[in-house]
Amino acid sequence: MEIFIQQLMNGLTIGSVYCLVALGLTLIYGILHIPNFAHGALYMIGAYVTLTVMTKLGVHYIIAIVISMLVVGFISLLMERFVFHPLRGTISINNMVASIGILLFLESFSQLVWGADFLQMSTPFSQIIGVFGVTLTMQRIIIIVAAIAIMGLLYLFLNKSFVGRTIIAMSQNREGAFLVGINSNKVAMLTFFIAGALAAVAASLTSPLNLVFPGMGHLVILKAFVIIIIGGMGSIPGAIIGGYILGLSESFGATYIASDYKDIIAFVLLIIILSFKPNGIFSRGGAE
């Protein structure tokens with residue numbers, strides 16, 4: 001039972017990070033239909049910005065995360081303005097190629113600025129505590145609680161605020177949103193900013209448990225795409241449920257099957273779920 005609870009908490013930790021990354025992806029795809037492969041690079045940049053602000057400026061971990069969210073959100077906004085916006089109305093392959101180009105550029109930039117070495121991020125939440133007879137680090141609990149809180153705030157923003165409703169309106173019916181006077185440019189910029197901020201906070205929360213390096217976003221973004229396909233392209237509930245399904249499956253699979261096959265589980269799940277639900281767990285129904 002202790003092993004089960006331990007892996008349950010590990011799965012919730014991994015799933016929380018996946019959810020935050022997948023939410024950014026699904027927001028962008030649901031509104032603009034852009035498969036943003038560069039999202040993994042934003043995840044990586046978020047970790048480096050947090051680490052740099054902490055080590056070079058001596059800023060507290062939490063404040064460094066907030067700064068990272070603002071910086072990466074702004075970088076993501078610039079991507080929309082100067083790369084994806086000029087490509088609007090062209091064939092979809094242009095957006096895919098552009099996002100891959102941004103990915104390669106940001107990875108090269110990170111190696112130029114921070115080098116290719118693996119770096120360790122410290123955390124003030126390194127305390128060891130016992131929960132239900134299981135030993136956990138405070139950082140893992142912080143990840144789960146913070147992710148749930150952020151997802152709750154995002155839900156309230158999208159469903160209770162006027163600006164959030166404009167995002168939902170565009171995801172449900174872009175042409176109808178244009179007809180009632182919604183400014184598509186402002187919605188696109190805000191969506192990219194939120195997506196970048198979510199990637200930054202996800203990387204900043206999980207980096208103290210892992211290492212920071214230029215290629216850290218590769219596997220995460222690959223699994224995030226699996227998640228939004230499993231959950232239903234453009235569905236926020238699907239991204240959340242898919243993220244936790246994958247996180248728990250990986251955690252229990254590594255324990256009860258074999259840790260060597262942990263990263264394959266995502267694609268096995270993708271095949272199984274799409275065999276029964278070709279459109280994902282939730283068919284695309286907007287950002288509600």
Side-chain angles (χ1 to χ4, degrees), residues 13-28 36-57 59-80 83 99 102-125 139-140 142-147 149-151 153-154 189-225 227-228 239 243:
T13 302
I14 300 168
S16 296
V17 175
Y18 287 164
C19 285
L20 292 176
V21 179
L23 277 173
L25 269 182
T26 204
L27 276 173
I28 292 174
N36 186 15
F37 294 101
H39 201 65
L42 294 177
Y43 173 88
M44 173 266 298
I45 293 292
Y48 272 118
V49 172
T50 300
L51 179 61
T52 302
V53 171
M54 288 175 62
T55 56
K56 303 298 183 182
L57 302 180
V59 174
H60 189 273
Y61 176 61
I62 294 178
I63 299 176
I65 291 178
V66 174
I67 294 173
S68 179
M69 292 173 66
L70 295 174
V71 171
V72 177
F74 184 69
I75 293 173
S76 182
L77 184 153
L78 292 179
M79 283 168 44
E80 192 281 328
V83 179
S99 66
I102 297 171
L103 167 66
L104 297 175
F105 170 78
L106 290 178
E107 286 191 359
S108 299
F109 176 80
S110 68
Q111 290 191 39
L112 177 65
V113 176
W114 292 288
D117 295 335
F118 289 74
L119 304 177
Q120 179 68 53
M121 183 186 296
S122 62
T123 172
F125 306 108
Q139 184 68 27
R140 291 186 179 273
I142 292 292
I143 291 173
I144 297 171
V145 173
I150 290 169
M151 288 186 284
L153 289 173
L154 181 63
M189 291 167 65
L190 178 61
T191 302
F192 267 83
F193 181 88
I194 293 173
L198 289 173
V201 70
S204 301
L205 287 172
T206 192
S207 289
L209 303 179
N210 302 298
L211 295 171
V212 180
F213 58 99
M216 63 182 290
H218 289 176
L219 195 56
V220 171
I221 196 62
L222 193 60
K223 291 180 180 179
F225 271 107
I227 288 167
I228 65 174

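Quick caveat: nothing in here was measured; it's all calculated off a predicted structure.
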Rounded to the nearest 0.5 Å, what separation is found between the [atom1] atom of [X] and the [atom2] atom of [Y]?
X	Y	atom1	atom2	answer
Gln111	Leu106	CD	CG	12.0 Å
Ile142	Phe125	CD1	CZ	5.0 Å
His60	Ile67	NE2	CD1	12.5 Å

Could you work out, with side chain to side chain contact (heavy atoms under 4.5 Å, CB included) as the rule, every residue matching [X], not counting sequence neighbours?
X	answer
Ile150	Leu20, Leu198, Val201
Leu104	Ile100
Leu57	Val53, Val59

Can you name the closest pair of heavy atoms from [X] and [Y] and give their distance?
X	Y	value
Gly115	Pro214	O-CG, 3.7 Å
Gln139	Leu209	CG-CD2, 4.0 Å
Val72	Gly196	CG1-O, 3.3 Å
Ala195	Ile28	CB-CD1, 3.6 Å

Results of ring-ring contact (aromatic ring centres under 6.0 Å, His included) for [X] - residues two or more places apart only:
X	result
Phe192	Phe84
Tyr61	none
Phe118	Phe213
Phe193	none

Note to self: Tell me which pairs pass side-chain hydrogen bond (donor to acceptor under 3.5 Å, both in side chains) where either residue lies in residues 70-79, with sequence neighbours left out.
What the structure shows: none
Margin query: Quick test of your reading: applying side-chain hydrogen bond (donor to acceptor under 3.5 Å, both in side chains), list the pairs with at least one residue in residues 200-220, sequence neighbours left out, ordered by first then second residue.
Written below: Thr50-Ser204, Glu107-His218, Thr206-Asn210
Next item on the list: Sorted by first residue and then second, give each salt bridge (Lys or Arg N to Asp or Glu O under 4.0 Å) pair with at least one member in residues 190-208; sequence neighbours left out.
Entry: none
Check: Can you check whether Leu211's main-chain N or O pairs, donor with acceptor, with Gln120's side chain at less than 3.5 Å?
Finding: no
Distance-only donor-acceptor hits, side chain of residues 39-49, under 3.5 Å, sequence neighbours excluded:
from: His39; atom 1: NE2; to: Val21; atom 2: O; distance (Å): 3.4

Item checked: For Ser110, all residues meeting side-chain hydrogen bond (donor to acceptor under 3.5 Å, both in side chains), sequence neighbours excluded -> none
Check: Taking C-beta and beyond as the side chain, do Leu154 and Ile194 meet within less than 4.5 Å on heavy atoms?
Finding: yes
